[in-house]
Amino acid sequence: MGRVAICCKPQKEELGRIVPDLLGWLRAHGYEPVLDRESGQYTTAAELADRAQLPLFSPELIIVLGGDGTLLSVGRIFASTGTPILSVNLGSLGFLTEVRLGDLYATLDSWCNNCHTLDARAMLHAELWRDGQRHSAYEAVNDIVVTKGDIARMGDFTVELGRKKVASFRADGIIVATPTGSTAYSLAANGPILTPDVDAMVVTPICPHLLTLRPIVVRGDANLTVRADAIPQVALLTVDGQRAVELLVEDEVRCQRSRHTVNLVRLAEGGFFDALRSKLSWGER
């Protein structure tokens with residue numbers, strides 16, 4: 001039997017009904033489910049594993065029952081495998097998790113019959129360099145953010161493109177976003193909206209202390225460096241808003257397009273613009 005992994009957002013009461021029904025549907029169609037431990041609170045009728053260990057089971061599909069945050073977490077874990085992800089919106093916004101709960105089984109039927117499409121979303125690869133050596137590396141679906149800590153003082157940052165200086169300025173931080181991430185934190189910081197198929201990255205300053213500084217869009221194969229020149233107390237590198245690493249003065253964060261993608265199962269075209277209109281009120285008067 002083929003494997004299907006299920007990842008759930010914790011503390012969602014409706015999953016007590018959804019998960020057992022989903023397990024029955026999968027087994028009736030010849031698939032054996034394996035669940036992350038967050039899903040274990042809703043059933044004891046399937047094998048459980050830590051979410052980070054699920055790729056070892058080589059599932060043919062991952063079903064995400066939750067919101068965008070759950071999808072971002074799962075997308076990073078399965079980035080190196082290219083496994084398709086069917087994301088069902090149980091969150092408050094669900095901009096990435098476009099499949100409605102009522103369409104779950106129709107989407108699964110389409111996947112079984114190869115009537116779906118895969119929406120490949122570019123990712124970012126970021127490396128933290130300290131004292132001339134690579135300290136750590138990260139993969140992001142939405143964005144890499146370099147920002148000052150919680151004290152109400154700005155930091156000094158420098159952005160380089162291909163090792164050529166773009167600008168040095170004071171700000172709360174800098175966002176480097178994928179086209180997918182252009183509708184997340186970058187958008188809230190007045191960055192532009194990019195369609196998911198655009199081969200580009202967005203660099204968005206956060207509350208810069210300059211009236212002339214604006215977000216910029218660079219090529220998708222660009223090499224970007226963000227350096228923390230001076231920080232008030234604490235500066236952080238955050239990955240999709242879910243992982244955080246403390247930065248030191250003169251640390252460099254080097255960003256480029258990842259060799260991995262996140263592959264989302266879709267039933268129809270045009271979902272991106274539907275989400276812009278319905279969830280972000282884009283174009284409304």
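Heavy atoms only: backbone and side chains are in, while hydrogens, waters and symmetry mates are out. Counting from 1, the numbers follow the sequence of the chain as shown.
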Heavy-atom pair of closest approach, residues [X] and [Y]:
X	Y	answer
Leu61	Val265	CD1-CG2, 3.9 Å
Ser258	Leu124	CB-C, 3.8 Å
Ala171	Phe157	O-CE1, 3.3 Å
Asn142	Asp240	N-OD1, 2.6 Å
Pro208	Leu213	CB-CD2, 3.7 Å
Thr158	Lys165	CG2-CG, 4.4 Å

Let's go through Arg214 and Thr212 carefully: what are the C-alpha distance in whole Å and the side-chain angles of both, what is the deciding distance for side-chain contact (heavy atoms from CB on, under 4.5 Å) to 0.1 Å, and is it a yes or a no? CA-CA 6 Å; Arg214 294 292 182 266; Thr212 56; over 6 Å; no

So, taking the atom named [atom1] in [X] and the one named [atom2] in [Y], what distance separates them when rounded to the nearest 0.5 Å?
X	Y	atom1	atom2	value
Glu38	Asp50	CD	CG	8.5 Å
Leu161	Ile216	CG	CD1	6.5 Å
Arg219	Leu224	CZ	CG	12.0 Å
Ser87	Ile63	OG	CD1	11.0 Å
Glu252	Asp229	CD	CG	9.5 Å
Cys207	Arg170	SG	CZ	13.0 Å

Are [X] and [Y] side-chain neighbours, meaning at least one heavy-atom pair lies under 4.5 Å?
X	Y	value
Thr70	Cys8	no
Val176	Val226	yes
Arg254	Trp129	yes
Thr183	Leu276	yes
Leu54	Cys7	yes

Go through the steps for Asp143 and Val239 under the test side-chain contact (heavy atoms from CB on, under 4.5 Å), then give the verdict. CA-CA 6 Å; Asp143 48 41; Val239 182; over 6 Å; no

Residues in side chain to side chain donor-acceptor pair (under 3.5 Å) with Asp131, at least two apart?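 Checked Asp131 against side chain to side chain donor-acceptor pair (under 3.5 Å); zero matches.
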
Indicate whether any N or O donor in one side chain lies under 3.5 Å from an N or O acceptor in the other, for [X] and [Y].
X	Y	answer
Arg121	Thr180	yes
Thr107	Tyr105	no
Ser110	Asn113	no
Thr225	Arg163	yes

Check whether any side-chain N or O of [X] sits under 3.5 Å from a backbone N or O of [Y] as a donor-acceptor pair, and report yes or no.
X	Y	answer
Asn89	Arg100	no
Thr178	Gly181	yes
Thr147	Asp172	yes
Asp36	Ser39	yes

With sequence neighbours left out, what residues match [X] under salt bridge (Lys or Arg N to Asp or Glu O under 4.0 Å)?
X	result
Asp21	none
Glu14	Lys12
Arg130	Asp251
Arg259	none

Looking at residues at least two apart in the chain, or sitting in another chain, which of them share a side chain to side chain contact (heavy atoms under 4.5 Å, CB included) with [X]?
X	result
Arg27	Leu23, Glu32, Pro33, Ala45, Ala46
Ser73	Arg51, Arg76, Ile77, Gln242
Arg153	Ile151, Pro232
Gln256	His125, Asn223

Residue Arg37 excluded, over 12 heavy atoms near CZ under 6.0 Å: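 More than 12 heavy atoms, drawn from other residues, nucleotides or ligands, come within 6.0 Å of this atom.
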
Residues in ring pair (Phe, Tyr, Trp, His ring centres under 6.0 Å) contact with His29, at least two apart in sequence or another chain: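 Testing His29 for ring pair (Phe, Tyr, Trp, His ring centres under 6.0 Å), a comparison that skips the adjacent residues, returns Trp25.
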
Report whether [X] and [Y] are members of the same hydrophobic cluster (ILVMFWY, side-chain heavy atoms less than 4.5 Å apart, transitive linking).
X	Y	value
Met154	Ile174	no
Phe78	Leu72	yes
Val234	Leu237	no
Leu35	Val88	yes
Leu65	Leu71	no

Glu160 vs Arg227, test: salt bridge (Lys or Arg N to Asp or Glu O under 4.0 Å). Steps then yes/no. CA-CA 8 Å; Glu160 296 178 348; Arg227 186 170 61 251; 3.3 Å; yes

Closer than 4.0 angstrom, basic N to acidic O: yes or no for Glu47 and Arg3?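 Salt bridge present between Glu47 and Arg3.
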
Output a table of donor-acceptor pairs, distance under 3.5 Å, between side-chain atoms of residues 189-206 and any protein atom two or more places apart or on a different chain; print 'none' if there are none.
unit_1, atom_1, unit_2, atom_2, d
Thr195, OG1, Asp197, OD1, 2.8
Asp199, OD1, Arg257, NH1, 2.5
Asp199, OD2, Arg257, NH1, 3.1
Thr204, OG1, Ser186, OG, 2.8

Just one of Leu15, Ile6, Val4 clears the side chain to side chain contact (heavy atoms under 4.5 Å, CB included) bar with Leu22, so which one?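 Result: among Leu15, Ile6, Val4, Ile6 is the only option passing the side chain to side chain contact (heavy atoms under 4.5 Å, CB included) with Leu22.
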
The test is side-chain contact (heavy atoms from CB on, under 4.5 Å); show your working for Val262 and Met123 and say whether it passes. CA-CA 7 Å; Val262 173; Met123 298 182 67; 3.6 Å; yes

Apply the test side-chain contact (heavy atoms from CB on, under 4.5 Å) to residues Ile18 and Leu101: give CA-CA distance (whole Å), side-chain angles for both, the deciding distance (0.1 Å), then the verdict. CA-CA 9 Å; Ile18 296 168; Leu101 180 58; 3.6 Å; yes

Residue pairs, two or more places apart or on separate chains, that pass ring pair (Phe, Tyr, Trp, His ring centres under 6.0 Å) and touch residues 31-77: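 Output for this query lists Tyr31-Trp111.
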
